[in-house]
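All remarks here apply to the structure that follows.
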Amino acid sequence: MGINTHQQNLLRQLPGVDRVLEAAAQDQDFNDQPKSVLVDSCREVIEGLRKVILYDHAKITAPDLEMAAVIRSVKAAVIRRMTPNLRRTINATGIVVHTNLGRSLLGDAVVDNIRSVAARYSNLEFDLAKGVRGSRYSAVEGLLCELTGAEAALAVNNNAGAVLLCLDTVARGREVIVSRGELIEIGGSFRIPDVMTKSGACLHEVGTTNRTHLKDYEGAIGDHTGLLLKVHTSNYAIVGFTAGPTLPELVELGRRCNLPVMEDLGSGTLIDFARYGLVAEPTVQDSVKAGVDLITFSGDKLLGGPQAGLIVGRRELIEKIKVNPLTRALRLDKLTLAALESTLRLYRDEKAAVATIPTLRLLTTPREVIAGRADRLAARLKDGAPAEAEVVSLQRSSKAGGGSLPLLELPSVCIGIRVAGLSANAIEKRMRANSPPVIGRIEDDLFLMDLRTIQDDEIDLIKSAFENLLTRAPQ
Ligand SMILES: *Cc1c(COP(=O)(O)O)cnc(C)c1O
């Protein structure tokens with residue numbers, strides 16, 4: 001590749017790492033930064049400039065290579081490297097259980113319990129009454145039984161793990177009968193048929209996508225059958241001409257053929273959402289009452305707790321699962337256990353649960369409350385905004401998310417922003433680049449923020465993101 005004299009001159013002016021480090025040593029801003037971060041940042045900036053000179057030299061002039069300009073770029077690179085990778089983000093999507101944004105939030109009491117268990121020794125596996133070794137699972141087993149009515153319970157790392165563990169324990173080397181309409185894939189490429197293969201169980205599909213009858217299950221039962229499985233199709237809905245046996249019918253068939261029945265509830269809820277004006281979602285208690293032998297559900301979807309997979313059901317089966325070596329590989333850590341126990345305790349009083357578990361509170365927030373918050377945000381954004389910025393309020397609906405309640409539309413209010421000279425994509429990008437990042441969505445060339453998932457104390461942070469967005473040059 002040939003380079004011209006202009007490029008040669010620029011390359012000669014490009015300072016080396018040592019010179020930039022010398023200059024940085026004189027700058028207070030770099031005093032407390034780790035040496036390795038500073039060196040890597042210098043290299044990154046110089047290498048970046050060299051590439052621009054070689055491949056895109058129309059974009060660069062001699063002043064860009066002066067030490068002051070280089071040091072400014074190094075500062076930005078150091079800040080980028082020193083910012084935690086995993087950090088607080090403002091969810092302005094309106095999707096309450098947003099898997100990409102961390103699913104459920106934990107309330108103060110739950111976080112306090114994590115802190116106290118994390119910072120000190122605990123009785124994690126110590127029986128304080130007897131003074132002997134105890135089981136870590138005992139912290140939540142009793143509570144899960146009390147709340148669901150089940151005989152026995154176990155909590156593991158996540159629901160995908162819970163499903164794998166149940167299938168591996170109960171159906172390894174045997175056939176599992178599942179309706180074709182329930183062979184779902186959920187986010188993160190968790191597919192029921194694949195989990196089945198991993199567990200060593202053999203899938204036996206019955207029925208059709210939209211209709212499966214009890215006689216389909218019945219006809220499929222043979223010498224190799226080990227389990228009847230029902231999967232709650234929580235992230236999509238088949239509507240119209242559909243049919244499936246009821247849970248009690250399936251349980252009755254299982255009893256008659258001496259086969260266990262398992263249900264993967266997915267999102268899993270302990271409260272009846274219909275009572276709060278939302279769509280009805282089967283509760284864990286309903287499944288226990290129907291006599292299902294093993295029920296699995298997530299800790300951080302509609303339950304509103306930490307990531308966990310909960311298994312409740314018949315004692316004899318749960319005891320078998322407890323001694324499966326896979327259980328050790330999928331065990332919960334103490335921080336999760338602390339969060340799960342305090343979340344479950346809140347469910348003893350449903351009113352308190354709905355008021356203090358953030359996921360439940362966000363799902364049940366009335367539209368008027370959201371509208372009030374939207375008015376406050378709009379007023380803050382309009383205050384002192386330049387003429388080229390437009391702030392509008394729109395009626396929209398939010399979603400439960402997390403693969404739950406797919407048909408549910410929650411009436412909500414969005415604030416949209418438009419800035420003359422900036423595309424909606426550019427606004428979205430800048431809001432996302434803010435610290436903390438603000439994640440919204442684009443609709444009709446408008447950047448939208450749904451107030452259902454925005455907390456009151458985030459209004460000022462959004463105001464400052466908006467100001468940062470306006471003070472940067474248009475692109
Ligand atoms: C979400 C979901 C899972 C997986 O749960 P995780 O807790 O994310 O592992 C399994 N089955 C169904 C039906 C689900 O909706």
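All ligand and atom numbering here is 1-based and tracks the order in the structure.
Under the 4.0 Å criterion applied to side-chain N and carboxylate O atoms, Glu151 and Arg314 are not assigned as salt-bridge partners.
Near Ser298, meaning under 4.0 Å from one of its heavy atoms, ligand 1 places the atoms 5 (O), 6 (P), 7 (O). Near Arg103, the atoms of ligand 1 lying under 4.0 angstrom from a non-hydrogen atom of the residue are 6 (P), 7 (O), 8 (O). Residue contact check: His232 has heavy atoms under 4.0 Å from atoms 13 (C) of ligand 1.
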Check: Between Glu141 and Lys322, is a salt bridge (charged side-chain N to carboxylate O under 4.0 Å, His left out) present by the stated rule, with each step listed?
Finding: CA-CA 12 Å; Glu141 176 163 15; Lys322 280 186 185 165; 2.9 Å; yes
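Without hydrogens or angle criteria, Glu390 side chain to Arg418 main chain gives no donor-acceptor distance under 3.5 Å. Put simply, the side chain of Thr453 gets close to the backbone of Asn91: a donor and an acceptor are under 3.5 Å apart. The backbone N or O of Val261 sits less than 3.5 Å from a side-chain atom of Asp293, completing a donor-acceptor pair.
At most 12 non-hydrogen atoms from other residues, nucleotides or ligands lie less than 6.0 angstrom from CG of Asp108.
Taking 4.0 Å as the cut-off, Lys301 counts as a neighbour of ligand 1 on heavy-atom distance. Under a 4.0 Å heavy-atom criterion, Asp264 is in contact with ligand 1.
Checking only distances, Asn159 does come within under 3.5 Å of ligand 1, N or O to N or O. The shortest N/O to N/O separation between Ala160 and ligand 1 falls below 3.5 Å.
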